Amino acid sequence: VASLVFNRAKVEPWRIWFFVGLAAGACLATLLQGRLSFSLDYGAIGLLLPIGVLLPILFVGGLLMGYGARWAGGCTSGHGISGNASLSPASFAATVTFMASAIGVTFLIHALTGGAL
Amino acid sequence: VKLAGFAFGAAFGFLIAAAGVNRYDVIHRMLLLQEIDVYLIMGSAVAVAAPLLMLMQRGRVRTLLGGPLRVSRAPVQPGNVAGAAVFGSGWAIAGACPGPAIAMVAGGAIPGAAVMAGLFAGVLLRDAAVGQAATAGHSNAASPRTSHTAAGTTA
């Protein structure tokens with residue numbers, strides 16, 4: 001695991017700056033909307049689950065997304081927006097698939113929680 | 001290029017938060033098919049970007065990194081579908097995809113940090129799985145990745 005983390009190709013600086021910019025931009029927009037407050041709130045699922053259950057579930061969600069996006073070669077931005085705008089067949093296929101899977105799993109969650117989510 | 005990276009990131013993050021797509025409830029209602037706003041946002045982004053990309057390619061615009069802009073059109077590979085299916089289930093659980101997850105934390109929702117941690121772990125895990133399959137000598141081990149760097153992509 002250590003070699004996996006440390007022996008990686010150097011990340012191009014603009015990617016890191018893009019990441020920093022994304023956070024800064026989001027922070028500014030939230031501030032302008034007048035609802036910037038750091039809290040443990042996380043919408044409906046945050047109200048339903050205690051934080052000790054919520055965080056592991058969110059981690060698993062992130063894990064699946066990271067693994068899946070790497071495998072698929074992109075996410076909702078890379079395939080969903082950039083790729084489709086490039087008229088890339090791989091992106092059409094990926095977008096149709098993740099939309100179907102996300103909607104399917106969301107309805108499953110809806111059913112399993114008895115409509116609470 | 002660093003400044004441009006920051007500027008494009010800031011614009012992207014600003015729009016994500018302004019549109020509210022970094023909120024669990026918004027994404028969850030979208031995926032429950034109760035609201036169509038987010039589909040319209042994605043659709044309009046694609047509708048604007050597609051002709052611009054085509055014009056830029058025709059006009060031989062050079063990218064900020066110096067190379068010619070080449071719009072990549074990758075053929076479908078099995079990984080695109082299998083990976084996307086895994087990605088979609090994670091998206092449904094977390095109610096946030098990678099870009100908005102960052103915007104979520106920056107917008108004050110601290111639990112979003114668990115999503116971000118999972119994202120990094122997931123990417124590392126995938127690379128480990130691919131690396132191991134490659135050293136084990138499977139011929140089809142390489143991850144079928146497409147590159148959209150020309151159009152600018154997120155983590």
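In this text the structure is predicted, and so the values were computed from the model without any measurement. Chain A is the first sequence line, chain B the second, and so forth, proteins listed ahead of strands; every chain is numbered from 1.
- With no hydrogens or angles considered, no side-chain donor-acceptor pair links A:Ser91 and A:Asn84 at under 3.5 Å.
- No donor-acceptor pair closer than 3.5 Å links the side chain of B:Glu35 to the backbone N or O of B:Val26.
- Looking only at distances, no side-chain donor or acceptor of A:Thr30 sits under 3.5 Å from a matching main-chain atom of A:Leu36.
- With a 4.5 Å cut-off on non-hydrogen atoms, B:Val105 touches chain A through its backbone but not through its side chain.
- For a residue to count as touching a neighbouring chain, one of its non-hydrogen atoms must lie under 4.5 Å from one of that chain's; by this rule A:Ile16 does not touch chain B.
- Between A:Phe98 and B:Trp91, the ring-plane angle classifies as perpendicular under the 30° and 60° cut-offs.
- Of the listed residues (A:Ile45, A:Ile51, A:Thr95), the one with the most heavy-atom contacts under 4.5 Å to chain B is A:Ile45.
- For a residue to count as touching a neighbouring chain, one of its non-hydrogen atoms must lie under 4.5 Å from one of that chain's; by this rule B:Leu65 touches chain A with the side chain only.
- Options A:Ala93, A:Ser39, A:Ala24 differ in how many heavy-atom pairs under 4.5 Å they form with chain B, and the most are formed by A:Ser39.
- Looking at B:Ala85, both its backbone and its side chain come within 4.5 Å of chain A, counting heavy atoms on both sides.
- Contacts between A:Ala69 and chain B at a heavy-atom distance below 4.5 Å involve backbone atoms as well as side-chain atoms.
- A single hydrophobic cluster is seen to contain both B:Leu32 and A:Leu48, as judged by linkage of ILVMFWY side chains at heavy-atom distances under 4.5 Å, directly or through other members.
- The candidate with the highest count of non-hydrogen atom pairs below 4.5 Å against chain B, out of A:Gly25, A:Gly61, A:Gly104, is A:Gly25.
- Remark: A:Leu31 CG is packed, more than 12 non-hydrogen atoms of other residues, nucleotides or ligands lying under 6.0 Å away.
- Interface residue B:Ala129: only side-chain heavy atoms are found under 4.5 Å from chain A.
- Interface remark: A:Ile109 contributes side-chain atoms only to the contact with chain B (heavy atom separation under 4.5 Å).
- Looking at A:Leu54, the atoms closer than 4.5 Å to chain B (heavy atoms on both sides) all sit in the side chain, from C-beta outward.
- The aromatic rings of A:Phe19 and B:Phe120 lie tilted to each other, with the angle between the two planes from 30° to 60°.
- Comparing A:Gly43, A:Ala100, A:Gly80, A:Gly62 by how many heavy-atom pairs each has under 4.5 Å with chain B, the most go to A:Gly62.
- Nearest heavy-atom pair across B:Leu119 and A:Met65 is CD2-CB, 3.6 Å.
- Of the listed residues (A:Leu32, A:Val105, A:Leu58), the greatest number of heavy-atom pairs within a distance under 4.5 Å of chain B belongs to A:Leu58.
- For the set B:Val1, B:Val81, B:Val48, the entry with the most heavy-atom pairs within less than 4.5 Å of chain A is B:Val81.
- The part of A:Ser37 that comes within reach of chain B is its backbone (N, CA, C, O), which places non-hydrogen atoms under 4.5 angstrom from that chain.
- The number of heavy-atom neighbours closer than 6.0 Å to CD1 of B:Ile36, taken from other residues, nucleotides and ligands shown, is 12 or below.
- At least one donor-acceptor pair closer than 3.5 Å links the side chain of A:His79 to the backbone N or O of A:Ala72.
- In terms of non-hydrogen atom pairs under 4.5 Å with chain A, the most contact-rich of B:Arg29, B:Met42, B:His28 is B:His28.
- Of the two parts of A:Leu117, the backbone and the side chain both hold a non-hydrogen atom closer than 4.5 Å to a non-hydrogen atom of chain B.
- Not one N or O on the side chain of A:Tyr67 forms a donor-acceptor pair closer than 3.5 Å with the backbone of B:Asp127.
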